[in-house]
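What follows is a set of notes on a single structure, which appears directly below.
Index from 1, following the sequence. Not measured: the values here are computed from a predicted model.
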Amino acid sequence: MSVAIALTVGALFAMGTFLLLRDDLVKIVLGISILSQAVNVYLITMGGIAEGTFDLVPILDTHGHESPAVTTADPLVQALVLTAIVISFGMTAFALVLSYRAYQENETMNVTEWAQGGEER
């Protein structure tokens, strides 16, 4: 299972980096979004289930039996990733609005064709 998650995180990082290096501004924003999701998957993977942490959960009642099957994930990592998802969604929306404004100003989404220093076309 950990190999599949490692391959998934690697593929997300590769895809995000590939899109980040494109000329189209929307692809750049999409690449940043994919990179942030790759970081979130990586953080969830690193904060995974720790063996023997079931006694830290106050609601779980094992009635005195210590079951090795009862494990929980670290809630701090989950809270951080949830916050990161909300922030990345807001930043993606903001970047798309800025991309639209750049398109209105330069009349193209290709960043290599933008006017240099306010030159007249």
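- Atom CD1 of residue Ile28 and atom CE of residue Met109 lie 9.0 Å apart, to the nearest 0.5 angstrom.
- Crowding of Tyr42 atom OH: a count of heavy atoms from other residues, nucleotides or ligands under 6.0 Å not exceeding 12.
- In this structure, Asp24 CG and Ser99 OG are separated by 9.0 Å, a value rounded to the nearest 0.5 Å.
- Follow the hydrophobic side-chain contacts under 4.5 Å out from Leu96 and you never reach Val111; the two are in separate clusters.
- Side-chain atoms of Arg101 never come within 3.5 Å of backbone atoms of Val97 as a donor-acceptor pair (strictly under, hydrogens ignored).
- Here the closest non-hydrogen pair linking Leu12 and Ala38 is CB-CB, 3.5 Å.
- Between Thr112 atom OG1 and Arg22 atom CZ the span is 11.5 Å, to the nearest 0.5 Å.
- Side chain of Ser33 to main chain of Val29: no donor-acceptor pair is present (N/O by atom type, distance under 3.5 Å, no hydrogens or angles).
- Smallest separation of non-hydrogen atoms from Ala102 and Leu25: CB-CD2, 4.0 Å.
- Note: the hydrophobic cluster containing Phe13 also contains Ile85 (ILVMFWY, side chain heavy atoms under 4.5 Å, direct or indirect links).
- The closest donor-acceptor contact from the side chain of Thr17 to the backbone of Ala14 lies at 3.5 Å or more, if one exists at all.
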**Prompt:** So Asn106 and Thr108, side chain to side chain donor-acceptor pair (under 3.5 Å) or not? Walk me through it.
**Reply:** CA-CA 5 Å; Asn106 299 305; Thr108 183; over 6 Å; no
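- Leu35 and Ile5 fall within the same hydrophobic cluster, where Ile, Leu, Val, Met, Phe, Trp and Tyr residues are linked whenever their side-chain heavy atoms come under 4.5 Å apart, directly or through other members.
- Counting heavy atoms from C-beta on, the side chains of Leu19 and Ile34 come closer than 4.5 Å.
- Following chains of ILVMFWY side-chain contacts shorter than 4.5 Å, one cannot reach Leu82 starting from Ile44, and the two form parts of different hydrophobic clusters.
- We find the CD1-CZ distance between Ile87 and Phe94 to be 14.5 Å, quoted to the nearest 0.5 Å.
- Residues Val86 and Leu80 are members of separate hydrophobic clusters, defined by side-chain heavy-atom contacts under 4.5 angstrom among Ile, Leu, Val, Met, Phe, Trp and Tyr.
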